[in-house]
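Heads up: the structure comes next, in structure tokens.
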Amino acid sequence: MERAAVFDVDGTLVDTNHLHVVTWWEAFRQAGHDVPMHAVHRAVGLGSSDLIAHLLGEDRDREQDDALSAAHKALYGQYFDRLPALPGAGELLRRLHHDGWTVVLATSASGSELGALRRAIDADEAITDTASSDDVQQGKPAPEPVEHALELAGAPASRAVFVGDTVWDMRAGAKAGVRCVGVLCGGLPRADLEEAGAEAVYADPADLLARLDTSPFA
């Protein structure tokens, strides 16, 4: 029976969360919204529509949503050729693949953004498939992205570990019934990740790789 190693990407494998914060902040500013950066940071990890709803509320002018998303996409796209992988990201995926895990990415990114992230990780030979935002009706914290990743891997929840950096990741994994591992490199506190469902928390992919033999992957 297959074992699935499911990974979030932004803030987990690639150091992009603060780029998202700045570019979302600027997109909101251009549209006339004063949204504090710390609030944007807490919302990173949600899909675009959910992030806008979370920050502007359900009573916002929804006709602005597409323009806000497009502005963020254009601003963030300026960094596609230099997105930095987090320490140990590619090595961790290759090690898990070598050890017999089926590695699947579960991310709200798609299209050219997803391509840029995969180039940054530089471990395509270890990645079996990707569950992107194009593949699901509801993004994290709904369990659907993780559940779809399990379907792609052909593995049950009982034989899966999900690694992410946000409370949205941990909640999605917990609802999907998988073991959840948090990483601190996305900028959220350990306590928040643990409260949301993280069984174990590591500094970054390199730290998880160094302690793999005593981790939930063991």
(message) Main chain of T166, side chain of D169: is a donor-acceptor contact present, judged purely on distance under 3.5 Å?
(response) yes
(message) Is there a side-chain contact between V181 and F162 in this structure, where contact means two heavy atoms from C-beta onward sitting under 4.5 Å apart?
(response) no
(message) On a heavy-atom basis, which atom in K140 and which in A172 lie closest, and how many Å separate them?
(response) CG-CB, 3.9 Å
(request) Give the minimum heavy-atom separation between G164 and D8, together with the two atoms involved. (result) CA-CB, 3.9 Å
(request) Give the C-alpha distance, both sets of side-chain angles, the deciding distance and a yes or no for salt bridge (Lys or Arg N to Asp or Glu O under 4.0 Å) between R95 and D213. (result) CA-CA 11 Å; R95 166 68 184 278; D213 291 343; 3.3 Å; yes
(request) Could you walk me through whether C180 and E199 pass the side chain to side chain contact (heavy atoms under 4.5 Å, CB included) test, one step at a time? (result) CA-CA 6 Å; C180 297; E199 175 181 335; 5.6 Å; no
(message) Within the 4.5 Å heavy-atom criterion, are L56 and D61 side-chain neighbours or not?
(response) no
(message) What I want to check is whether the side chains of D10 and N17 have a donor and an acceptor closer together than 3.5 Å.
(response) no
(message) Once rounded to the nearest 0.5 Å, what's the spacing between atom CG of L86 and atom CG of D204?
(response) 6.5 Å
(message) Hydrophobic clustering (ILVMFWY, side-chain heavy atoms < 4.5 Å, transitive) - are L105 and V14 grouped together?
(response) yes
(request) Can you see which heavy atom on C185 is nearest to which on T12, and at what distance? (result) SG-O, 4.1 Å
(request) Answer yes if the side chains of R118 and T130 hold a donor-acceptor pair under 3.5 Å, and no otherwise. (result) yes
(message) In the structure I gave you, are the side-chain heavy atoms of V104 and H148 within less than 4.5 Å of one another anywhere?
(response) no
(request) Run the ring-centre check on H72 versus W25 and record whether the distance is less than 6.0 Å. (result) no
(request) Using a cut-off of 6.0 Å, state whether more than 12 heavy atoms not belonging to Q137 lie near its atom CD. (result) no
(message) So which atom in V35 and which in V40 form the shortest heavy-atom distance, rounded to 0.1 Å?
(response) CG1-CG2, 3.7 Å
(message) Is a donor from one side chain sitting under 3.5 angstrom from an acceptor on the other, for D66 and S69?
(response) no
(request) Give, for atom CZ of R171 and atom CG of L193, the distance between the pair rounded to the nearest 0.5 Å. (result) 10.5 Å
(message) Please check: side-chain N/O of D122 versus main-chain N/O of R119, any donor-acceptor pairing under 3.5 Å?
(response) no
(message) Rounded to the nearest 0.5 Å, what separates atom CG in L55 from atom CZ in F28?
(response) 5.0 Å
(request) State yes or no: do Y79 and I121 share one hydrophobic cluster built from I, L, V, M, F, W and Y residues joined by side-chain heavy-atom distances below 4.5 Å, directly or via other members? (result) yes
(message) Would you compute the distance between atom CH2 of W168 and atom CG of L51 and round it to the nearest 0.5 angstrom?
(response) 9.0 Å
(request) Check Q138 against P145 and note the closest heavy-atom contact, atom names and distance. (result) O-CD, 3.4 Å
(message) Contact between Y76 and V22 at the side-chain level, heavy atoms closer than 4.5 Å - yes or no?
(response) no
(request) Keeping the roles fixed (side chain from E194, backbone from V201), state whether a donor-acceptor pair exists under 3.5 Å. (result) no
(request) Answer yes if L93 and V161 sit in the same cluster of Ile, Leu, Val, Met, Phe, Trp and Tyr residues linked by side chain heavy atoms under 4.5 Å apart, and no otherwise. (result) yes
(request) Check whether any side-chain heavy atom of D165 sits under 4.5 Å from a side-chain heavy atom of L184, and report yes or no. (result) no
(request) Might you work through the side chain to side chain contact (heavy atoms under 4.5 Å, CB included) test for H97 and E125, ending with a clear yes or no? (result) CA-CA 9 Å; H97 175 70; E125 70 276 14; 5.7 Å; no
(request) Give a yes or no on this: more than 12 heavy atoms of other residues, nucleotides or ligands lie within 6.0 Å of atom NZ of K73. (result) no
(message) Are H41 and H20, when compared by the centres of their aromatic rings, separated by less than 6.0 Å?
(response) no
(request) Please assess D65 against R60 for the test salt bridge (Lys or Arg N to Asp or Glu O under 4.0 Å), listing each intermediate value before the final yes or no. (result) CA-CA 9 Å; D65 285 9; R60 69 193 185 282; 2.7 Å; yes
(message) Would L117 and V9 count as a side chain to side chain contact (heavy atoms under 4.5 Å, CB included) here? Give the steps.
(response) CA-CA 8 Å; L117 291 166; V9 180; 3.9 Å; yes
(request) Give the minimum heavy-atom separation between F7 and V103, together with the two atoms involved. (result) CD1-CG1, 4.3 Å
(request) Side-chain contact test, heavy atoms from C-beta onward, threshold under 4.5 Å: evaluate it for H33 versus Q64 and give yes or no. (result) yes
(request) Determine whether E147 and V136 make a side-chain contact, defined as any pair of heavy atoms from C-beta on separated by less than 4.5 Å. (result) no
(message) Could you check whether any side-chain N or O of T16 sits under 3.5 Å from a backbone N or O of L19, counting only pairs where one atom can act as donor and the other as acceptor?
(response) no
(message) Are M1 and R159 packed together at the side-chain level, in the sense that at least one heavy-atom pair is separated by less than 4.5 angstrom?
(response) yes
(message) Using side chain to side chain contact (heavy atoms under 4.5 Å, CB included), reason through S215 and L208 one step at a time and then give a plain yes or no.
(response) CA-CA 7 Å; S215 77; L208 173 54; 3.9 Å; yes
(request) Look at the side-chain heavy atoms of Ile, Leu, Val, Met, Phe, Trp and Tyr, link any pair under 4.5 Å apart, and say whether F217 and L150 land in one connected group. (result) no
(message) With a 4.5 Å cut-off on side-chain heavy-atom distances among I, L, V, M, F, W and Y, is there a chain of contacts connecting L209 to Y202?
(response) yes
(message) Are there over 12 heavy-atom neighbours, none belonging to E26, within less than 6.0 Å of that residue's CD?
(response) yes
